[in-house]
Amino acid sequence: MEADPLTAAIQHISQGSPGILTLRKEADAHYFRDGDLVTFSGIEGMVELNGCDPRPIHVQEDGTLEIGNTAIFSRYLRGGAVTEVKKSEIVSHKPLDVALLQPRVVAQNPQEAYRARCLHQAFRALHQFQHLNGRLPRPWDPDDAEMVVGLARSLEPLKGTEGGPLEELLDEALVQRVALSSAGGLSPMAAMLGAVAAQEVLKAISRKFMPLDQWLYFDALDCLPEDGKLLPTPEDCAPRCCRYDGQIAVFGAGFQEMLGQQHYLVVGAGAIGCELLKGFALVGLGAGASGGVTVADMDHIERSNLSRQFLFRTQDVGRPKAEVAAEATHRLNADLQVTPFTYPLDPTTEHIYGDNFFSRVDGVAAALDSFQARHYVAARCTHYLKPLLEAGTQGTSGHAFVFMPHVTEAYRAPASGLASEDATYPVCTLRHFPSTVEHTLQWARDEFEGLFCLSAEIINRHRQELTSLAETDGPQELTLLEEVLGVLRERPQTWQDCVVWALGHWQRRFHYGIMQLLSCFPHDKVLEDGTLFWSGPKQCPEPLEFDASQDTHLLYVLAAANLYAQMHGLPGSWDQTALRELLKLLPLPVPQPLAPSFPNDLDLAGASAEFGPERLKKLHQVLEVWSGSPPLKPLKFEKDNDSNFHMDFVVAAASLRAQNYGIPPVNRTQSKRIVGQIIPAIATTTAAVAGLVGLELYKVVGGPRPLSAFRHNYLHLAENRFNRWVPCAPAIQKLHHLTWTWTCWNRLKVPAGQPEKTLELLLAHLHEQFGLRVKMLLHGKALLYSARWPPKKQAQHLALRVTELVQQVTGQMPKPGQQVLVLELSCEGEEDDTTFPPLHYELCDKTAALSPGSTEPCIPSPQ
């Protein structure tokens with residue numbers, strides 16, 4: 001089997017031969033392929049398809065799926081999901097004696113296959129050399145290497161798939177490189193290949209995913225200098241009787257000294273971060289007298305981290321990740337000093353991770369689990385001209401990228417990743433018109449926040465300040481208060497009171513609320529243009545009937561009642577059997593006042609829900625009783641504690657919401673990942689990408705390398721895909737009237753001067769020095785100058801010194817130790833796709849030292 005089966009939500013299924021299935025617009029139809037087998041679940045109306053035998057599909061150009069004859073089936077009504085059915089295969093391998101002469105190699109193209117076969121012969125020759133000499137070739141000994149090449153020449157030719165000899169030349173230079181470095185041992189290579197081996201063991205045990213067929217050759221000879229004159233000598237690679245001898249045998253003692261003097265910043269001490277720190281300790285990065293590693297992570301260790309973040313132990317739960325990771329890394333290598341930072345690396349901490357901090361850093365390794373965080377860290381590396389090693393995983397797939405100033409392109413977060421992560425769903429979509437499982441989970445998460453955190457804070461504030469409800473911030477808070485008071489109308493005193501409230505809220509959300517929405521927008525409501533209101537992404541909901549025998553119904557009440565009890569300082573209960581019996585005895589609550597429904601956010605924003613004097617008075621009286629007791633405990637959402645009912649509530653609420661709207665639900669693990677916006681990680685993939693990062697680290701530290709030396713890496717352990725490619729060079733930009741060019745790594749540097757320049761002098765300098773006529777000048781989002789302003793306003797700004805102008809517009813002065821003000825330009829003659837380099841306005845000696853990258857020319861021309 002390959003990766004996990006695809007699942008997608010259904011929009012409609014036609015009756016016909018063939019029946020045409022239309023996926024909801026947010027589904028990824030392009031992932032389905034002709035001939036895939038699928039089955040169905042959760043369909044209302046055309047129930048004959050639910051749980052049917054696997055059916056082959058044909059993917060049409062418009063993304064719809066032909067699913068076979070549905071002409072005699074019932075008419076499709078709503079909901080349901082289509083799920084891919086994986087076909088099992090029997091895999092057999094050739095015995096070793098046969099496979100040695102007729103190897104099946106894992107390769108993505110003919111060139112890779114040829115290289116793999118040459119490496120196969122190189123390893124056969126190495127085994128012969130070891131058999132003859134009782135040892136491996138000496139490090140970088142040309143005589144031993146030539147003997148290995150001779151042995152490889154004399155080997156019996158490999159056979160092709162048909163059994164005949166392969167007529168292809170041996171790449172003797174490749175064999176020689178393998179022999180010269182074969183005595184060494186590199187921990188990044190061990191991490192990469194160990195991860196692949198571990199994944200193969202898991203495949204054999206679980207019978208999930210396709211095993212390798214049959215030889216995998218992975219080489220990183222690109223870590224060695226391309227220039228033969230820069231290769232190490234046998235003397236430099238001789239053993240030193242130290243822990244780094246395996247590495248010295250490949251790169252030499254001089255290179256090991258360079259590694260030790262590095263100071264690196266590791267951002268993130270999660271799954272990948274732990275693997276990176278372990279790898280850095282093993283290779284000796286920063287382990288010299290003037291080297292070191294700083295690890296930055298604001299999170300604390302949770303129990304769920306222990307399964308994949310191997311620097312942490314049970315006794316560490318609750319401690320800061322950065323501190324524990326630093327201690328564990330130091331234990332791995334006592335010569336390595338690791339400094340923990342527990343502050344986030346984001347715009348709020350630029351006074352901590354500022355000019356002085358980055359001036360002491362040689363490079364950055366990013367091990368972050370969100371695209372937004374990666375994007376910010378990459379932007380800081382571009383600003384300070386620091387190499388960035390960046391890795392990420394998603395299940396059994398992962399990547400490791402390298403970004404070198406002036407050599408490779410800069411980091412760009414995937415557009416889809418940023419869009420999905422930063423997406424904010426319209427309120428009315430979440431409240432009334434969900435169409436995806438993400439909508440239902442966000443709604444459930446908002447429910448938790450409103451019911452068990454915000455409401456407690458409002459009641460506590462009212463209790464302390466004795467404010468009038470008329471002064472409360474808007475009708476939404478008043479509606480929230482009514483919901484948290486619920487059917488009880490008095491403060492709960494017992495567990496049963498909490499159960500009564502939870503049952504009442506179940507009815508309010510999943511039955512009465514839907515009934516009210518349908519009374520406003522019936523199934524057959526037609527808009528003015530003649531289209532049905534409930535069409536497209538708007539799925540017409542159906543009310544649910546409470547049934548304590550259904551696990552999801554019971555779980556919701558159990559979780560909600562326990563959370564309500566926690567908020568009020570009451571004991572809860574885990575006893576589901578007793579709860580079922582109690583619910584049988586309780587009558588279903590009568591409907592409570594509900595907030596009005598609005599078809600869009602504009603109507604919602606403009607609405608002033610009517611809380612008349614009588615309604616306010618009753619609410620005030622109830623709150624007076626509530627406020628006479630001890631303050632409530634606001635509950636802060638914590639997804640990784642399985643005993644606190646937080647995720648139980650969110651999963652159950654989202655699942656019930658999905659049932660209302662015919663949306664296929666997801667399991668608890670998937671829900672936790674979506675709610676936490678976490679990119680999933682597993683141990684094998686994290687070890688692999690950390691190893692790949694380590695291989696690129698060798699090149700970054702080893703001195704100036706051409707673009708051709710670096711590799712971006714992508715792997716998919718489940719599908720046996722291993723791709724490595726040379727990164728793109730940075731795009732060169734130019735304006736027709738300018739004599740100079742630039743890339744994303746360049747910046748315009750202008751000293752502030754003594755006395756400091758006025759804005760007028762700065763603009764004149766840019767024109768004289770660079771040929772730029774500035775139309776607009778910004779500092780962040782603050783507009784400092786515009787050529788479109790009236791002359792009087794221009795004159796007022798032009799007369800000010802630049803730092804004075806920034807302070808006047810933004811209300812902020814440069815921070816102590818700040819070396820540069822970064823300004824953005826818009827100039828005459830620019831085109832739509834032009835991105836000018838940032839202007840680095842270098843502050844005076846009293847506030848700053850050298851600017852970042854000050855040894856670089858202002859606008860270096862590409863070679």
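Contact annotation: the side chain of L843 approaches that of Y841 to within less than 4.5 Å [non-hydrogen atoms, C-beta and beyond]. You'll find the side chain of P347 reaches within 4.5 Å of the side chain of Y376, heavy atoms only. Between V809 and H797, some side-chain heavy-atom pair lies under the 4.5 Å cut-off. Looking at W745 and L385, their side chains come closer than 4.5 Å, going by heavy atoms from C-beta outward. With contacts defined as side-chain heavy-atom distances shorter than 4.5 Å, the pair E804/Q808 does not qualify. Inter-residue side-chain proximity for S786 and K793 is flagged as unmet; no heavy-atom pair is nearer than 4.5 Å. Annotation: side chain of I272 is not in contact with side chain of V693 (no heavy-atom distance under 4.5 Å). Side-chain contact check for L389 versus L276: every heavy-atom pair is 4.5 Å or farther apart.
Summarising the geometry, atom NZ belonging to K775 is positioned 4.5 Å from atom CD belonging to E830; distances are rounded to the nearest 0.5 Å. Note: Y353 OH to T348 OG1 = 9.5 Å, rounded to the nearest 0.5 Å. With rounding to the nearest 0.5 angstrom, the NE2 atom of H399 is 10.0 Å from the CG atom of L715. The OH atom of Y785 sits 9.5 Å away from the CD atom of E760 when rounded to the nearest 0.5 Å. Between the CZ atom of F280 and the CD atom of Q262 there is a distance of 10.5 Å, given to the nearest 0.5 Å. Rounded to the nearest 0.5 angstrom, H765 NE2 and L763 CG are separated by 11.0 Å.
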Q. What do the steps show when you test R705 against V407 for side chain to side chain contact (heavy atoms under 4.5 Å, CB included), and what is the final call?
A. CA-CA 9 Å; R705 293 288 183 93; V407 179; over 6 Å; no

Q: Report the C-alpha separation of F357 and T294 in whole Å, then their side-chain angles, then the decisive distance to 0.1 Å, and conclude whether the side chain to side chain contact (heavy atoms under 4.5 Å, CB included) test is met.
A: CA-CA 10 Å; F357 177 88; T294 298; 4.2 Å; yes

Q | Residue pair L798, T758: steps toward the side chain to side chain contact (heavy atoms under 4.5 Å, CB included) verdict | A | CA-CA 7 Å; L798 289 169; T758 62; over 6 Å; no

Q.
Walk me through whether V750 and L766 qualify under side chain to side chain contact (heavy atoms under 4.5 Å, CB included).
A. CA-CA 8 Å; V750 178; L766 290 172; 4.1 Å; yes

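Contact between L783 and L777 at its shortest, heavy atoms only, is CD1-O, 3.6 Å. The nearest pair of heavy atoms linking A709 to E226 is N-OE2, 3.6 Å. Contact between A444 and A654 at its shortest, heavy atoms only, is CB-N, 3.8 Å. Closest of all the heavy-atom pairs between T349 and P344 is OG1-O, 2.6 Å. What you find for D355 and V820 is that their closest heavy atoms are OD2-N, 3.5 Å. Closest approach of C274 and A269 over heavy atoms only: SG-O, 3.7 Å.
Salt-bridge annotation for R412 and E390: absent, with no side-chain N of the basic residue lying under 4.0 Å from a carboxylate O of the acidic one. Salt bridge annotation for R724-E696: present, with a cationic side-chain nitrogen under 4.0 angstrom from a carboxylate oxygen.
A donor-acceptor distance shorter than 3.5 angstrom exists from the side chain of N713 to the backbone of A400, with no hydrogens or angles considered. Using a distance-only test at 3.5 Å, with no hydrogens or angles considered, a donor-acceptor pair links the side chain of Q794 to the main chain of A787. Using a distance-only test at 3.5 Å, with no hydrogens or angles considered, no donor-acceptor pair links the side chain of R380 to the main chain of K386. Panel note: side chain R360, backbone N356; a donor-acceptor pair is recorded below 3.5 Å. R788 contributes no side-chain N or O that, together with a main-chain N or O of M776, makes up a donor-acceptor pair within less than 3.5 Å. Without hydrogens or angle criteria, H779 side chain to V822 main chain gives a donor-acceptor distance under 3.5 Å. At least one donor-acceptor pair closer than 3.5 Å links the side chain of E756 to the backbone N or O of T803. In terms of modelled atom types and a separation under 3.5 Å, the side chain of W725 and the main chain of Y714 share no donor-acceptor contact. Between the T685 side chain and the G395 main chain, a donor and an acceptor come within less than 3.5 Å of each other. Counting only distance, with no hydrogens or angles, the side chain of K734 and the backbone of L738 share a donor-acceptor pair below 3.5 Å.
Stacking of R374 on the aromatic ring of Y411 is not recorded, the 6.0 Å distance cut-off and the 45° axial limit not both being met.
In this pair, F358 and Y384 present their aromatic rings parallel. The plane angle is below 30°, not in the 30 to 60° band. Classification of the W740-W742 ring pair by plane angle, with boundaries at 30° and 60°, yields tilted.
Aromatic ring centres of F403 and H712: separated by under 6.0 Å. A centroid separation of 6.0 Å or more is found between the aromatic rings of F836 and F770.
Remark: the T743 side chain and the H406 side chain contain no N/O donor-acceptor pair separated by less than 3.5 Å.
A side-chain contact (heavy atoms from CB on, under 4.5 Å) with L759 is found for exactly one of L805, L784, V774, namely L805.
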